[in-house]
Amino acid sequence: MATVIEMPKLSDTMSVGTLINWLKKEGDPIESGDLIAEVETDKATMELEAFDEGILLKQIAVAGDQIPIGAAVAVIGEAGEPVDLD
């Protein structure tokens, strides 16, 4: 089953994060602990870490997007698995 990666709260005062750069691309294998993207918060640029493993099925956000805490950023799952965001 696919897992949605949501924007985490990376600082105490953060309400949104700006996706700066993807470190992994769609189709790349992901291990727990891999850094998958760079996110700018209200205080610093931080790296977004994956806590699940699988294949990066879909990058939902693009560089420059401002993403609220808890909103979907990407989807990880098994190769060929359909991505359903409903």
Side-chain angles (χ1 to χ4, degrees):
M1 180 172 174
T3 301
V4 175
I5 298 174
E6 298 176 345
M7 177 61 70
K9 186 171 185 174
L10 298 170
S11 76
D12 289 342
T13 58
M14 177 183 165
S15 61
V16 299
T18 302
L19 183 75
I20 300 299
N21 181 45
W22 281 104
L23 302 174
K24 299 283 187 175
K25 62 182 187 290
E26 289 183 6
D28 283 353
I30 305 291
E31 297 291 328
S32 181
D34 282 356
L35 303 176
I36 61 169
E38 295 175 319
V39 175
E40 184 177 69
T41 71
D42 56 333
K43 298 191 185 246
T45 299
M46 316 241 338
E47 291 165 328
L48 180 60
E49 181 179 342
F51 294 102
D52 294 295
E53 56 184 53
I55 302 296
L56 182 56
L57 298 175
K58 177 132 182 91
Q59 297 172 338
I60 297 168
V62 297
D65 281 356
Q66 289 191 332
I67 306 141
I69 293 171
V73 176
V75 179
I76 293 176
E78 295 183 26
E81 185 174 4
V83 176
D84 182 15
L85 298 175
D86 292 332

Of the non-hydrogen atoms in [X] and [Y], which two are nearest, and what is the gap between them?
| X | Y | value |
| --- | --- | --- |
| V4 | A72 | CG1-CB, 3.6 Å |
| A2 | V75 | CB-CG1, 3.6 Å |
| I55 | P29 | CD1-CA, 3.9 Å |
| P68 | V16 | CA-CG1, 3.8 Å |

Which residue pairs satisfy the side chain to side chain donor-acceptor pair (under 3.5 Å) criterion with at least one member in residues 56-83, sequence neighbours excluded? none

Partners passing side chain to side chain donor-acceptor pair (under 3.5 Å) against D52 (at least two apart in sequence or in another chain): none

S11: which residues meet the side chain to side chain donor-acceptor pair (under 3.5 Å) condition with it, sequence neighbours left out? D42

If you link ILVMFWY side chains whenever their heavy atoms are less than 4.5 Å apart, which other residues fall into the same cluster as M46? By chain and number, please. I5, M7, L10, M14, L19, W22, I30, I36, V39, L48, L56, I67, I69, V73, I76

Could you work out the complete set of other residues in the hydrophobic cluster of L35, with links drawn between I, L, V, M, F, W and Y side chains under 4.5 Å apart? L23

Please list all pairs passing the salt bridge (charged side-chain N to carboxylate O under 4.0 Å, His left out) test where one or both residues lie in residues 15-32, with sequence neighbours left out. K24-D34, K25-D28

